[in-house]
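In what follows, a single structure is set out as structure tokens and then discussed.
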Amino acid sequence: MQNNDQTRTPLAVVMVPLPAQGHLNQLLHLCRLISAYDIPVHFAGTTTHNRQALIRVQGWDPLAVANIKFHNLPTPPFDNPPPNPNSCIKYPTHMLPLLKSVPNLREPVYNLVKKLSATVGKIVVIYDSLMTYVVQDICSIPNAESYCFQTISAFSLYSLYQADKEQLVLPSEAEIVKEGPSFEGCFPPELVEVSINLNVAPKFNSGDLYNTSRVIEGLYVDLLAKEKCTGTDKNWAIGPFNPVTIPRVRDPKICHKCLDWLDKQEPNSVIYVSFGLSSSLSYEQNKELAFGLERRDEIRKRATELEDVVKKSLMEGGVTKKEMDSFIAHISK
């Protein structure tokens, strides 16, 4: 009779995203990268938000990848008020009821990980930094490890931690942090309260992951580890997660119509700027942004330089590819 341990899958990964588009999308793209190492990946989200992530993903079809499985958890009830474009704070406060419902996912996520842990030698949970409360029970599963995915840039995260210090003493190479704008007024008090509540649980993570590249933010990735800003000195910069090339022949069912519009424009004639879901710009701010974009030749030159170094970092032997290989080797021990 064959030993059950020999029939087990050695390793599986569970993704636990915050149910908001910018967070869902990043971890969904990370599923693609990890599954390429022949590791089964389980995406644990609510039915509503899993469907949203699948509809909006670009550049690949998650349902066509055999070792990525979606688990539809019950969607917690929450109010869905309309956005208020006239709010003095530009953060989309209509999302707060959803964020307040997140703790209800604690039990379903634990039950899923517990069930999966019985079928594998080791279960690795990668969770959004705002899902700490939800995954706090994972540490009770003997063959489980957890890793925190930091959803913002290493520079922004380092700046946030420094902003909390009464006396700001920075390494000389990071003096630019002092020149950044204040975070005051960026977030409504209710969001700060929700964020604190979602992070009240003890942190048992074995390291941090960043959707960035060392060729861009290596200094701040290293400073975060050196100063243990998040409580750990282990971190991996394994981005960008999203595909850096768009297929020549695209499936219109999964590609956004804006790509058709882009195909009709002159080469190097469009500058794409994204501020994410949590930004809402006034007319005056848009005007200032337009003035800045008039320096498009300078911006385009810098963007081209970054594109080249990032693409090289993702190739075999590149710094990001090595970092990803290092993380996979670490969790496969």
For the pair Tyr147 and His330, name the ring-plane relationship: parallel under 30°, tilted 30 to 60°, perpendicular over 60°. perpendicular

Give me the atom names and distance for the closest heavy-atom approach of Val120 to Asn143. O-ND2, 3.2 Å

Any side-chain heavy-atom pair of Phe327 and Ile126 under 4.5 Å: yes

Considering all heavy atoms, the nearest Cys229-Tyr161 contact: O-CE2, 2.9 Å

Quick check: Tyr210 with Tyr220 (ring centres under 6.0 Å apart)? no

Taking every non-hydrogen atom, the tightest pair across Ala53 and Gln21: CA-OE1, 4.4 Å

Closest approach of Ser129 to Gln150 (non-hydrogen atoms, all atoms of both residues): CB-OE1, 3.5 Å

Check salt bridge (charged side-chain N to carboxylate O under 4.0 Å, His left out) between Glu227 and all other residues, then give those that pass, not counting sequence neighbours. Lys165

Among Asn235, Thr230, Thr232, the one residue meeting side-chain hydrogen bond (donor to acceptor under 3.5 Å, both in side chains) with Asp208: Thr230

Closest heavy-atom pair, Ile68 versus Pro62, reported as atoms and distance to 0.1 Å, is CB-O, 4.4 Å

Lys/Arg-Asp/Glu bridge criterion (N-O < 4.0 Å) met for Lys321, Asp325: yes

Between Leu223 and Pro171, the two heavy atoms sitting closest are CD2-CG, 3.7 Å

Please step through side-chain contact (heavy atoms from CB on, under 4.5 Å) for the pair Phe78 and Leu99, ending with a clear verdict. CA-CA 9 Å; Phe78 60 89; Leu99 298 179; over 6 Å; no

Side chains of Thr212 and Glu217: donor-acceptor distance under 3.5 Å anywhere? yes

Phe241 six-ring face occupied by Arg32 cation (under 6.0 Å, within 45°): no

